[in-house]
Amino acid sequence: MSVAGLKKQFYKASQLVSEKVGGAEGTKLDDDFKEMEKKVDVTSKAVAEVLARTIEYLQPNPASRAKLTMLNTVSKIRGQVKNPGYPQSEGLLGECMIRYGKELGDESNFGDALLDAGESMKRLAEVKDSLDIEVKQNFIDPLQNLCDKDLKEIQHHLKKLEGRRLDFDYKKKRQGKIADEELRQAMEKFEESKEVAETSMHNLLETDIEQVSQLSALVDAQLDYHRQAVQILDELADKLKRRMREASSRPKREYKPKPRDSYDFGEPDQSNGGFPCAPAPKITAASSSFRSSDKPIRTPIRSMPPLDQPSCKALYDFEPENDGELGFREGDIITLTNQIDENWYEGMINGQSGFFPLNYVEVLVPLPQ
């Protein structure tokens, strides 16, 4: 930087400090200029905020928003791009419906309905792609261009104007110490920058009809999207209602269970996988109740003459399996000698004694209490 440039920077810094700290007043700009500057500032904030909100409206997903911002609409116009490069949520839903509709098959009403809905969702995704492209091309890009060029240029002129104002005010306060020619040049530069900044702001505010047309383009794109979406959904709703009517008119098929297969269990003594089955329950002496108290099927009892001592009649054959058990045949009369517990008795037959289960006999004369 030249010596003159350094001096100018020093002058501006000194004037700024004197205004901020010392309360010195600088050159006042006219009210029309200030009003235009205020409107331009609001326009700049509005464009930046609307841009961000529009992109968020089109794509709530942050990753998709980033891809939408980088989308090259020129390539789309030339037919070089078939889609924006990110999946629409409608398309993902449609693919899911189609996949499960195919798995359910043609015989399923629900499967056919899923296929119809899936195709409609994919069509909605294509319409949404078109909306994104249309809004990007006719609304987002023009506003972004306004931010990047016109508004940025105005900010540049205003910043330059502020610098020249500070330089002019510094030299004006030191009039007499600074050459008149230098003061005159500072004033001319200040007036020149003011005129350039004023002109650029005026042009922006007077041509805001361009922003109105861009906003109109956004609404037109939304209308076109919603018209197509309504048409697609109307067609889908009609298909589903028709399917419901057809399904309701068809007679319901009653469930008929298939006949059960018959199994050959083999010989009675080889049931349960070949393990022999005894006709009567078996009892071990180690058991606390010796044998199960479940009674087998009883055979008819033959009438017997009354006996004068405690006795019972065998209802079934009993084969002893442990030492101390008494064996007998159906119909045998057994003399009772003792009751071991609620399930077992002790008795005698043919000179032999032993114990046996109560559920194999019928007591004719009970033991004395």
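For the single chain, residues carry numbers from 1 onward in sequence order. The analysis underlying the following values was restricted to heavy atoms, covering all of them including side chains, and did not include hydrogens, waters or symmetry mates.
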Is the backbone N or O of [Y] less than 3.5 Å from a side-chain atom of [X], with the two atoms forming a donor-acceptor pair by type?
X	Y	result
S120	D116	yes
S216	V212	no
E206	H202	no
K128	L58	yes
S44	V40	no

Original post:
From Q88 CD over to E126 CD, what is the distance, rounded to the nearest 0.5 angstrom?
Top reply: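 It is 10.5 Å, given to the nearest 0.5 Å.
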Original post:
Do we see a donor-acceptor contact under 3.5 Å between the side chains of E210 and Q214?
Top reply: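 Side chains of E210 and Q214: no pair found under 3.5 Å.
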Original post:
Using a distance-only test with no angle check, is there a side-chain donor-acceptor pair under 3.5 angstrom linking D208 and Q211?
Top reply: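 D208 vs Q211: no donor-acceptor pair found between side chains.
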Could you check whether [X] pairs with [Y] (Lys NZ or Arg NE/NH1/NH2 to Asp/Glu carboxylate O, under 4.0 Å)?
X	Y	result
E103	R99	no
D169	K173	no
R165	E162	yes
E56	R53	yes

Original post:
Which heavy atom of H157 sits nearest a heavy atom of S200, and at what distance?
Top reply: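 Residues H157 and S200, closest heavy atoms: CD2-OG, 3.7 Å.
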Subject >> Shortest non-hydrogen separation from N338 to L367 and the atoms involved >> reply: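 Taking N338 first and L367 second, the nearest heavy atoms are C-CD1, 3.6 Å.
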Original post:
Sequence neighbours excluded, which residues qualify as side-chain contact (heavy atoms from CB on, under 4.5 Å) partners of R242?
Top reply: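 So R242 forms a side-chain contact (heavy atoms from CB on, under 4.5 Å) with K239, R245, E246.
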Original post:
M201, V196: one ILVMFWY side-chain cluster at the under-4.5 Å cut-off?
Top reply: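 The answer is no; the residues belong to distinct hydrophobic clusters.
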Subject >> Cluster overlap F110 with Y100, hydrophobic side-chain contacts below 4.5 Å >> reply: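 F110 and Y100: one cluster.
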Subject >> Qualifying residue for side-chain contact (heavy atoms from CB on, under 4.5 Å) with I334, from F328, Y345, F318 >> reply: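 For I334, the side-chain contact (heavy atoms from CB on, under 4.5 Å) test succeeds with only one of F328, Y345, F318, which is F328.
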**OP:** Answer yes or no: is there a side-chain heavy-atom contact under 4.5 Å between D224 and E134?
**Re:**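 Side chain of D224 against side chain of E134, heavy atoms only: no contact under 4.5 Å found.
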